[in-house]
Every structure is written in C-alpha cells, then in structure tokens.
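Here's the structure we're looking at; comments come further down.
Protein chains get the first letters and strands the later ones, always in sequence-line order, with residue 1 at the start of each.
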2 protein chains.
Amino acid sequence: MAKRRTDGLSKEVIVQAAAAILDDGGEAALTFRALTARLSTGYGAIYHHVANKSDLLAAATDAVIARVMGDAVVGADPREALRTVSLGLFDAIDAHPWVGAQLSREPWRPALLEIYERIGGLLAALDVPEQTVFDAAGALVNYVLGVAGQNAANARLLDGDPADRSAFLGDIAARWASLDPEQYPFVHRAATRLRDHDDREQFLAGVDIFLAGIATLR
Amino acid sequence: MAKRRTDGLSKEVIVQAAAAILDDGGEAALTFRALTARLSTGYGAIYHHVANKSDLLAAATDAVIARVMGDAVVGADPREALRTVSLGLFDAIDAHPWVGAQLSREPWRPALLEIYERIGGLLAALDVPEQTVFDAAGALVNYVLGVAGQNAANARLLDGDPADRSAFLGDIAARWASLDPEQYPFVHRAATRLRDHDDREQFLAGVDIFLAGIATLR
DNA sequence: ACCTGAACACCGTTCAAGT
DNA sequence: ACCTGAACACCGTTCAAGT
C-alpha cells in the first residue's frame, strides 16, 4: 500500500520528523501513527531506533537546545552574554513550545546540562563568589526556563495568529479589570498594563533584576 | 455489580477524589475509569459536573493553590512575607507535584491570579516603583513556579523514598564529575556540591537574590 | 435533573513474521 | 540487522436509555 522507504532509517531522521510534527501540531499531534505515516514505515522500525515516546521527546529537545547553545556568544562581556543566551533560550522555546514542557520533565538530560554549563560559566566570569555561584546559576536557569515555558504555553494556545493574541490579552485584561479592586488591588491595576506589554522585554527586565541581585553578592 | 452511591455527586466531591488519585499515583493514574471506580459511579455522572479532563485538572489545581494562598501571612514585614509565601508554594508543589505542571498549562486560571495578587501586593508594599513592579512580579512568580515545578519533577521521579533521592543525586553527581573538565568546567565543579545541597535552602537563596535585585530598583 | 454503561475512535507498545 | 502491520491493552468522550 504505502510505498516502503528505500533509504535506511536512523534515530536522527526519526527525531527530526518528530520535531517537525511537534512544531506543526503541538504535543498532541505526535503519535506513532503520525510518525509511521510521515516516514512511510512501521511501528517496529521506529522502536528499533528509539526506546519509547518519552525517549523520542527527550532526544528532540536535546537537539533543539544543542543548536541554540551551539551559537557561540564570544567577545561580549559576561553580563551581555547572559542576556543574549537567555534571550536565545526564550526565543527557541517560543518557536518550539513543546521544548519548554519537556525540559522540566527530565532534568538530568543533556539539554539541561548544556544550559547549566553555559549560564554557570558566565556567572563565574562575573566574579560571583564560589559558594554562591551555584545558587545563582540554579536560580537564573529556573527563571529563564520558567518564563520561557509559561510564554510557550500561551503561544501554544494562540497558535501564532497575532490577532488572536491581541484579542486573548484584551480578554484577560478586561476580566482582570472587572475584578473587585478591594479584593484584587494588584491584579486590578496590572490589567491596564497587560494589553500592550512586550513579553520579550518583560523577560529581559527580569533577567536584569536577577543580575542586579547577583551583583550585590560580590 | 458495584453498589450505586446514595448521596448526590458534586463537582467538589469529584475534584477531591481526583486530587487524591493524583497524589497517590501521579498524573498517569488519573483516568475516568479510576475515578468512576473510586466514586462508584459512571462516566456520564462525572461529565455531568465536569466539562472534561482538563477542566478537572484545573479545578483540582485551583483548590490546592487557594488553600495555600488562604494561609494568611499577617504582621510580618513584606520581605519576610514574600519568603514565607514563596516557600509555601514550593512546599505545596512538592507535596502535589501535578500542580506544578498544571500551573504552566493554563495560566489564565484562578490559581495563578491568586498567586500574582499575593506576590504583586507584597512587592508593591516594598515601595518598588509602579512602572517596574509588574516586571518584578512576573519575574518572581515565574522563578518560584519554575523552581517548584522542576523540584516537583524530581520528586515525582523519586516517589518519596529518601534513599532513592540520595542514590539518584549521587548518580548524577558521579556522572557530572566524570565529565571532561575542559569542556564542562562549571558542571564539573558543581558535581561536588550536588550531593549534599538542600533544595529548599537553594530555593530561598534564589528568592533572596531576587529581592536584592529588586531593592536596587527603588 | 441526575446517573448508567456499552460503544466509538483513538492511543503506545508488542511481537511473530518477513526481507 | 532492519523492518512490517495485525493485535493487545489501554485511553477520553459520547449518548441512548434508565430513574
């Protein structure tokens, strides 16, 4: 029926196909049935190269992160490099929302190791004392992945249409604005800011707060 | 066959049962079949009170967070209160790991609103300037949920046995220590710290870095 | 209004059989 | 060694029928 593929399968080919399906249709779209169809092959062929679905997701995540971390950030001072690397991760998770969820699922995987090494190394270059640099690295990595993941969840929801995004934010802003100011004073005030805030800018503002806090440790 | 329940079902009863199943067996254990068995009822009965599985998960999450946020933190100065609230969230997500994943999945839900209100209100009490308090709140909330979620992923993995935890950390530490120090200098050094670090302490250290950074905004 | 449970349209994964 | 695809043991969700 379906024509059989002539070239051999490999884990890399499978992982690339999985990433393409994930980018196209989100996590729900990645099924072994969709994969066999896309690769013109059978289940067993895939299981021959990949242990299971969770292995597949992890490998796809590692590939995306390795690509981002591979973009060298040379020459710049550590503070600027930290901003660049953080923003690179933010943008990568924005482009591949499934990466955000996966990173917090299997934290001992190569992807997170690369991230820790890069961010920790840059913090060490900032002359943060040895006994606190590990706390600082943990905090910064978690901040970056936390915001990026949250942002990705929104992006996934809105599916890329900027009109959707504006309507969605307007909707939430209206809901927040209609809350009782006595009971929700902060969120009530925040509503007016929500509509026209820039996610990337807010993300960078958070990184800067972090770096300012770290500077006090010196 | 199964005896039919005599008292009426309600969304609250269903949500409580779902939370109990989630605490017991993790996200994979929550199925409608397990729920009908535990509640001695049928699928339709549950769908009569709950829109679908995602609604059920969200409602269970809202209930947990509302309980944590309900614990008033009065009298203390804002800085101390922020530490207390952050730690309360950390501990709640540690005890109910499924909450962590859920919070980043549907961020417009009541649970996250409560968290923003509480943390934002305390930051405002710290005299953070109005134009930056929203950035600061976003950053702190994301840090707290990011670390808590990561920690919960580990906890889920280890399933509560402290011996497992020690062995697991020892395993990762050994793997990190065996990495090439040329290629992974930071992670290589971090390995020695990993074995005996305290997650809660490291979490609080991060909160403090944050608060120090926010103080520079004043 | 509230509940029952068979049935439907899916999943991930296995495995005997093929090349 | 690598691949095929029927089959198995599950899912979430629906809906005609009952009380």
**OP:** Could you work out which one of C:dC3, D:dC11, D:dA7 sits closest to the side chain of B:Arg33?
**Re:** D:dC11

Original post:
Quick one: do B:Arg200 and B:Asp94 make a salt bridge, cutoff under 4.0 Å?
Top reply: no

Original post:
A:Gln150 and B:Leu103: which non-hydrogen atoms are nearest, and at how many Å?
Top reply: OE1-O, 3.7 Å

Subject >> Exercise: identify the closest heavy-atom pair between A:Gln202 and B:Asp135 >> reply: CG-OD1, 3.2 Å

Subject >> For atom CG of A:Leu39 and atom P of D:dC2, their distance in whole Å >> reply: 16 Å

**OP:** Tell me which nucleotide among D:dT13, C:dC11, D:dC3 gets nearest to the side chain of A:Thr31.
**Re:** C:dC11

Original post:
Are any non-hydrogen side-chain atoms of A:Leu140 and A:Leu82 less than 4.5 angstrom apart?
Top reply: yes

Subject >> Separation of D:dG12 C1' from B:Leu57 CG (nearest whole Å) >> reply: 13 Å

Original post:
Taking the side chain of A:Tyr43 as heavy atoms from C-beta outward, which of D:dA7, C:dA1, C:dG12 is closest to it?
Top reply: D:dA7

Original post:
How about A:Phe32 and A:Tyr47: are their ring centroids closer than 6.0 Å?
Top reply: yes

**OP:** Compare the minimum distances between each of D:dT13, C:dC3, D:dC3 and the side chain of B:Leu9, then state the nucleotide with the smallest one.
**Re:** C:dC3

**OP:** Can you see which heavy atom on A:Asp55 is nearest to which on A:Ala51, and at what distance?
**Re:** OD2-N, 3.0 Å

**OP:** Starting from C1' on D:dA16, measure out to OH on B:Tyr47 and report it in whole angstrom.
**Re:** 17 Å

Original post:
For DNA chain D, what dot-bracket results from Watson-Crick or G-U pairs at under 3.5 Å, with [ ] for crossers and | for inter-strand partners?
Top reply: ||.|||||...|||||.||

**OP:** Using whole Å, report how far CG of B:Asn52 lies from P of D:dC11.
**Re:** 17 Å

**OP:** For A:Leu30, answer base if it contacts any base atom (sugar-phosphate contacts may also be present), sugar-phosphate if it contacts only those atoms, and nothing otherwise; contact means non-hydrogen atoms under 4.0 Å.
**Re:** sugar-phosphate

Original post:
Once you round it to whole Å, what is the distance between P of D:dC11 and CD1 of B:Ile46?
Top reply: 13 Å

**OP:** Specify the separation, in whole Å, of atom NZ of B:Lys53 and atom C1' of D:dT14.
**Re:** 17 Å

Subject >> Atom-to-atom span, NE2 of B:His49 to P of C:dT4 - whole angstrom >> reply: 10 Å

**OP:** Would you kindly compare B:Gly44 and A:Ser10 by the position of their nearest DNA chain D nucleotide and give the one closer to the 5′ end?
**Re:** A:Ser10

**OP:** Using atom CG of A:Leu35 as one end and atom P of D:dC3 as the other, report the distance to the nearest whole Å.
**Re:** 14 Å

Subject >> Side chain of B:Thr41 (C-beta onward), nearest among C:dT4, D:dA1, D:dT13 >> reply: C:dT4

Original post:
Are A:Leu89 and A:Ile65 close enough that some pair of their side-chain heavy atoms sits under 4.5 Å apart?
Top reply: yes

